[in-house]
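What follows is a set of notes on a single structure, which appears directly below.
All values below were derived from every heavy atom in this structure, side-chain atoms included, with hydrogens, water molecules and symmetry-related copies excluded. Values in this document were obtained by computation on a predicted structure and should not be read as measured data.
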Amino acid sequence: MTTFLDFEKPIAELQGKIDELRSAAHDGDVDIAAEIAPLQAKSDKLLLDTYAKLTPWQKTQVARHPERPHFKHYVAGLIEDFMPLGGDRAFADDAAIIGGLGRFRGRRVMVIGHEKGDDTATRLKHNFGMGKPEGYRKAIRLMKLADRFGIPVITLVDTSGAFPGVQAEERGQAEAIARSTEACLALGVPLVASILGEGGSGGAVALATGNVVLMFEHAVYSVISPEGCASILWRTADKAPEAAEAMKVTAQHLKDLGVIDGIVPEPLGGAHRDPAAAIAALGTALETALTDFDGREPSAVRAARRQKFLAIGRV
């Protein structure tokens, strides 16, 4: 069953009534199709109306939905013969950031991204998608490998931010993030980044400094979480909705500002309601973005990426 968010309570109530009627129909011979149809129509319309006017804070909640598809689901749906490549060749392998070689619609690609996990065990294993220095150094190693062999890079970003623990700081978290961002900028092959859910802070930018930055319709992308911003400005996380509004975290705001290049549409009610449709939509957007760079020289690919980021914020 779908987990309903706070603002979806009216939809949840209607869906609960529909489920009760369906259960009653299974237990007896009563035909209640005529009763279910208007309720389902009302529920569908309410869902459509609700998602047509989501606030930035509500989009943040959708982006964090526990049933939203993650890195492994997109790899399974889009990448053939995926071969994970682990380790930074210096300290360890970070399970929060996964990367490897594969084929995307007949094209060799290097895929790198954050994995959050689906349940308690896997979330702990993948550290909730919060990368450590060794994860970003692994990403650098894989990007350089892709560059050496002329393989395009696809990054799938979904993190609340890089891991802020003491051990990560001791191993050079800030330096690793900066180096990863630098590696993105230096690539002579195209890099197409996609914000799947949350794109938080430098932990996201380190993998999202691409020639093309795509973002799902209900994803969010910002330098800090709304709660973190509210805690700094208002000394309380209760002001997170106001912070989300002021920060312009949504795909629609960021497209207008020139921070991202394209918005990937989601199924009605969010990617978690129809993961297969969301995965297919991203696949189409990725193919279009990569095709645009076919035949370009490495120097041209590098220059286009540089100009893209230099132009952000220019008045």
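Ion pairing of K72 with E115 is absent here, as no side-chain N (NZ or NE/NH1/NH2) approaches a carboxylate O to less than 4.0 Å. A salt bridge is defined here as a Lys NZ or Arg NE, NH1 or NH2 lying under 4.0 Å from an Asp or Glu carboxylate O, and D88 with R141 fails to meet this definition. Under the 4.0 Å criterion applied to side-chain N and carboxylate O atoms, D49 and K45 are assigned as salt-bridge partners. Using a 4.0 Å cut-off between a side-chain N of Lys or Arg and a carboxylate O of Asp or Glu, E266 and R68 qualify as a salt bridge. The pair D158-K116 meets the salt-bridge criterion, with a side-chain N (NZ, NE, NH1 or NH2) lying under 4.0 Å from an Asp/Glu carboxylate O.
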What verdict does the side chain to side chain contact (heavy atoms under 4.5 Å, CB included) test give for L196 and Y74, after you've listed the backbone C-alpha separation in whole Å, the side-chain angles of each residue and the deciding distance to 0.1 Å? CA-CA 10 Å; L196 305 181; Y74 288 97; 3.7 Å; yes
Begin from the C-alpha positions of R103 and I79 and carry the test side chain to side chain contact (heavy atoms under 4.5 Å, CB included) through to its verdict. CA-CA 5 Å; R103 288 191 176 275; I79 308 299; 5.9 Å; no
Verdict with reasoning, H114 to L156, per side chain to side chain contact (heavy atoms under 4.5 Å, CB included): CA-CA 7 Å; H114 302 91; L156 304 175; over 6 Å; no
From CA spacing to verdict: salt bridge (Lys or Arg N to Asp or Glu O under 4.0 Å), D294, R107: CA-CA 11 Å; D294 285 347; R107 184 193 302 265; 2.8 Å; yes
Trace of the side-chain hydrogen bond (donor to acceptor under 3.5 Å, both in side chains) decision for S160 with E198: CA-CA 6 Å; S160 58; E198 286 186 279; 4.9 Å; no
Could you go through the salt bridge (Lys or Arg N to Asp or Glu O under 4.0 Å) check for R179 and E175 one step at a time? CA-CA 6 Å; R179 294 289 184 189; E175 186 266 351; 3.1 Å; yes
R273/E8 under salt bridge (Lys or Arg N to Asp or Glu O under 4.0 Å): CA gap, chis, key distance, verdict: CA-CA 13 Å; R273 280 190 164 84; E8 295 178 317; 3.0 Å; yes
If you apply the rule salt bridge (Lys or Arg N to Asp or Glu O under 4.0 Å), what do you find for R64 with E227, and how did you get there? CA-CA 13 Å; R64 296 171 175 173; E227 296 93 332; 2.6 Å; yes
Check the pair V109, V153 against side chain to side chain contact (heavy atoms under 4.5 Å, CB included), reporting the backbone distance first and the verdict last. CA-CA 6 Å; V109 291; V153 178; over 6 Å; no
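Put simply, the residue from I260, L191, L290, V192 that forms a side chain to side chain contact (heavy atoms under 4.5 Å, CB included) with V212 is V192.
With hydrogens and angles ignored, the 3.5 Å screen pairs a side-chain donor or acceptor of Q58 with a backbone N or O of T55. Between the R108 side chain and the G150 main chain, no donor and acceptor come within less than 3.5 Å of each other. E245 places no side-chain N or O within donor-acceptor distance of the main-chain N or O of E242, the cut-off being under 3.5 Å. A distance-only check finds no donor-acceptor pair linking the side chain of Y221 to the backbone of G197 [under 3.5 Å]. Between the side chain of D94 and the backbone N or O of E134, no donor-acceptor pair lies under 3.5 Å. Checking side-chain atoms of N127 against main-chain N and O of A95 turns up no donor-acceptor pair under 3.5 Å.
At a threshold of 4.5 Å between non-hydrogen side-chain atoms, the residues L145 and L85 count as touching. With a 4.5 Å cut-off on side-chain heavy atoms, K138 and D93 count as touching. Between Q40 and Q15, some side-chain heavy-atom pair lies under the 4.5 Å cut-off. Looking only at side-chain heavy atoms (C-beta outward), T159 and F128 stay at 4.5 Å or farther from each other. Contact of the L286 side chain with the S194 side chain is registered, since non-hydrogen atoms from C-beta on lie closer than 4.5 Å.
Cation-pi geometry between R296 and F293 is met: the NZ or CZ atom falls under 6.0 Å from the ring centre, inside 45° of the normal.
Hydrophobic clustering (side-chain heavy atoms under 4.5 Å, transitive across Ile, Leu, Val, Met, Phe, Trp, Tyr) groups M110 together with I97. Taken together through direct or relayed side-chain contacts under 4.5 Å among Ile, Leu, Val, Met, Phe, Trp and Tyr, V220 and V213 form parts of separate hydrophobic clusters. Hydrophobic clustering (side-chain heavy atoms under 4.5 Å, transitive across Ile, Leu, Val, Met, Phe, Trp, Tyr) groups L187 together with L207. There is no path of hydrophobic side-chain contacts, each under 4.5 Å, that joins M247 to M215. Cluster membership check: I112 does not share its hydrophobic cluster with F82, using side-chain heavy-atom separations under 4.5 Å among Ile, Leu, Val, Met, Phe, Trp and Tyr.
Around NZ of K255, the count of heavy atoms belonging to other residues, nucleotides or ligands within 6.0 Å does not exceed 12. In this structure, R105 places its CZ atom where more than 12 heavy-atom neighbours from other residues, nucleotides or ligands lie under 6.0 Å away.
A ring-centre distance under 6.0 Å is found for H218 and Y51.
A distance of 8.5 Å separates CZ in R171 from CD in Q173, rounded to the nearest 0.5 Å. Distance NZ/K53 to CG/L48: 10.5 Å, rounded to 0.5 Å. To the nearest 0.5 angstrom, I195 atom CD1 is 9.0 Å from L214 atom CG.
When all heavy atoms of A168 and P133 are compared, the closest pair comes out as O-CG, 3.3 Å.
Remark: the Q252 side chain and the D256 side chain contain no N/O donor-acceptor pair separated by less than 3.5 Å.
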